[in-house]
Amino acid sequence: MASAIEKATLRAKMEKYEGKVSHMYLDSKGFVTVGVGHLLKDLASAQKLNFKNGNARASKGEIRADYEAVKKQPKNRLASFYKKHTSLQISAFDIDLLTDNHIDSFEIELKRLFSDFSKYPSEVRLALFDIIFNVGMTDLRNNWPKFTKAVKAKDWAVAAKESNRKYPISAERNNYVRGLFESAAKNAKLSLIP
Amino acid sequence: MNLSLLICARISAVFLICVVFFGCAVSESSGVKGDTPVSWSPAFTMPELVDLSYDSITDIRNFPDLISAPWYAGIGVENKKGEKVFLSSCEDLFHEYGPKTHTIKANEMAAYLELKVMCETTRLLINSDSAKYSFIPDVFLDEFLPKVWPKEIAMTISTLELKRISDNSNFKVWGDVMTIDRFEKDSEEKATYFHDGGFQEVDVLGNGDFNGDDTNDIFVVVRDHVTGGDYFNVRLFVLSVNRKGDWELLESF
């Protein structure tokens with residue numbers, strides 16, 4: 001299981017890439033979303049969350065009103081565009097809980113893909129989380145053959161080279177992930193020195 | 001006199017046969033002849049992305065107004081020189097952006113890409129000419145499209161895997177790179193192609209003669225999505241098709 005420090009790092013990264021939005025908005029696929037990219041696949045899912053209208057807990061009807069108002073809007077706008085169509089918010093605490101659940105789900109997927117995942121160095125685990133947040137389990141499993149082979153072989157230097165993602169992924173994000181693998185590679189070499 | 005009439009009749013018959021034969025041959029092989037004006041589809045959403053009080057655009061002569069009109073919201077980016085600037089119109093964008101421009105807030109990148117592509121399409125439509133010839137099929141967004149569209153349409157996220165695909169001459173078309181296992185069509189201008197890692201939304205935004213060869217080209221946006229991840233990209237392509245039905249990539253943005 002991801003350590004508390006790893007989870008805090010991962011939450012910070014996810015917030016940076018997805019934003020931390022307290023009201024409903026539409027993601028690039030046109031799905032109603034809240035928090036740090038937390039998908040509300042249907043109204044019932046939205047009504048299970050602790051939305052607030054000011055300090056009062058929102059009713060199911062109020063959640064429906066926000067959900068339906070946002071759903072009608074064009075997708076792929078800035079999250080702030082959708083705010084005027086909502087009246088409810090979710091707390092930062094609840095957003096963090098949802099994000100932690102996502103991290104746990106991704107960890108299950110990574111363990112499925114890489115049977116030694118729990119034994120990998122922390123830097124490697126953080127790097128793999130970054131990639132799977134971004135590309136998803138299926139793309140990672142099917143479209144990164146040299147990368148996944150290198151990871152399974154614990155060849156962190158090759159994994160570093162193969163980890164690069166093209167635009168619109170930023171150089172900063174690529175450098176971060178590559179740096180994690182390279183650090184793991186360097187530490188692995190040092191550990192071999194008697 | 002009778003002989004003259006007979007000769008004239010024979011010459012006329014020969015002439016008529018020639019006109020029919022060559023006339024038919026010309027219209028079969030050259031597609032639609034005559035001026036095909038620059039046009040755009042409802043998928044071209046630039047009018048909706050600018051200030052909401054802006055009237056709907058119906059005349060291409062008003063398109064330059066879309067370049068200067070303020071967007072529904074501004075976005076901070078790092079420009080070509082690495083400076084942090086605030087963009088609020090297509091005009092701002094063209095002045096500051098480059099092929100690797102990123103938003104200051106990473107989570108605004110998707111919205112930026114949408115605006116960027118629509119701004120570039122606006123400029124394409126303004127700068128394109130009407131075409132004399134068009135070989136664009138009436139219906140081409142179908143399940144067979146991945147067998148004919150160029151491989152650059154395929155979604156590849158890994159930089160090195162993309163290079164391997166580009167260098168591999170065995171990969172020629174979209175379907176060579178990825179297996180499209182499902183197809184959904186919303187209209188003649190919009191369809192979605194599903195593969196095991198995600199899906200690609202294809203919208204035909206418009207058409208015009210992009211490169212001055214008198215032939216109609218199409219402007220297509222492809223939105224790349226993954227399943228179970230947040231990766232998203234919006235890409236603009238200019239595609240041409242010849243009389244044999246061979247598609248060619250002219251430009252990508």
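Order of the sequence lines sets the chain letters (A, B, ...), proteins ahead of strands, with each chain counted from 1.
Between A/Glu123 and A/Lys186 there is no salt bridge, since no side-chain N of the basic residue sits under 4.0 Å from a carboxylate O of the acidic one. A salt bridge links A/Arg11 with A/Asp100: the closest approach of a Lys/Arg side-chain nitrogen to an acidic carboxylate oxygen falls below 4.0 angstrom. Taking the charged nitrogens against the carboxylate oxygens, A/Lys20 and A/Asp96 do have a contact shorter than 4.0 Å, which makes a salt bridge. Of the charged side-chain nitrogens involved, none lies within less than 4.0 Å of a carboxylate oxygen, so that A/Lys71 and A/Glu68 do not count as a salt-bridged pair. A salt bridge is defined here as a Lys NZ or Arg NE, NH1 or NH2 lying under 4.0 Å from an Asp or Glu carboxylate O, and A/Lys29 with A/Asp27 fails to meet this definition. With respect to the salt-bridge test (charged N to carboxylate O, under 4.0 angstrom), the residues B/Arg223 and B/Glu114 qualify.
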Residues B/His102, B/Tyr112; criterion ring pair (Phe, Tyr, Trp, His ring centres under 6.0 Å); working and verdict: CA-CA 8 Å; B/His102 279 91; B/Tyr112 164 77; 8.5 Å; no
Stepwise ring pair (Phe, Tyr, Trp, His ring centres under 6.0 Å) check, A/Tyr67 with A/Phe51: CA-CA 11 Å; A/Tyr67 187 91; A/Phe51 280 102; 9.5 Å; no
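For chain B, the option among A/Arg141, A/Lys16, A/Glu18 with the highest count of heavy-atom pairs below 4.5 Å is A/Glu18. No other option in A/Asp139, A/Asn143, A/Leu140, A/Val135 has as many heavy-atom pairs under 4.5 Å with chain B as A/Val135. Among the candidates B/Gly228, B/Ser158, B/Ala111, B/Gly197, the residue making the largest number of heavy-atom pairs closer than 4.5 Å to chain A is B/Ser158. Here B/Thr159 is the residue among B/Thr45, B/Thr159, B/Val226 with the most heavy-atom pairs under 4.5 Å with chain A. Annotation: maximal heavy-atom pairing with chain A below 4.5 Å, among B/Thr101, B/Val234, B/Leu162, occurs at B/Thr101.
With a 4.5 Å cut-off on non-hydrogen atoms, A/Ile169 touches chain B through its backbone and its side chain both. The contact between A/Phe106 and chain B is made entirely by side chain atoms (from C-beta outward), counting heavy-atom distances below 4.5 Å. Contact of B/Glu108 with chain A is made through backbone and side chain together, with heavy-atom distances under 4.5 Å. With a threshold of 4.5 angstrom between heavy atoms, A/Lys146 approaches chain B through its backbone and through its side chain. Interface residue B/Lys100: backbone and side-chain heavy atoms are both found under 4.5 Å from chain A. Heavy atoms closer than 4.5 Å to chain B are found in the side chain of A/Asn142, but not in its backbone. For a residue to count as touching a neighbouring chain, one of its non-hydrogen atoms must lie under 4.5 Å from one of that chain's; by this rule A/Pro145 touches chain B with backbone and side chain alike. Within the 4.5 angstrom heavy-atom criterion, only backbone atoms of A/Ile132 (N, CA, C, O) approach chain B. With a 4.5 Å cut-off on non-hydrogen atoms, B/Leu115 does not touch chain A at all. Contact annotation for B/Ile157: both backbone and side-chain heavy atoms come within less than 4.5 Å of a heavy atom of chain A. Heavy atoms of B/Thr227 lying under 4.5 Å from chain A belong exclusively to its backbone.
For the side-chain contact (heavy atoms from CB on, under 4.5 Å) test with B/Gln200, the passing option among B/Asn233, B/Asp224, B/Thr192 is B/Asp224; the others fail.
Side chain of B/Asp142 to main chain of B/Leu145: a donor-acceptor pair is present (N/O by atom type, distance under 3.5 Å, no hydrogens or angles).
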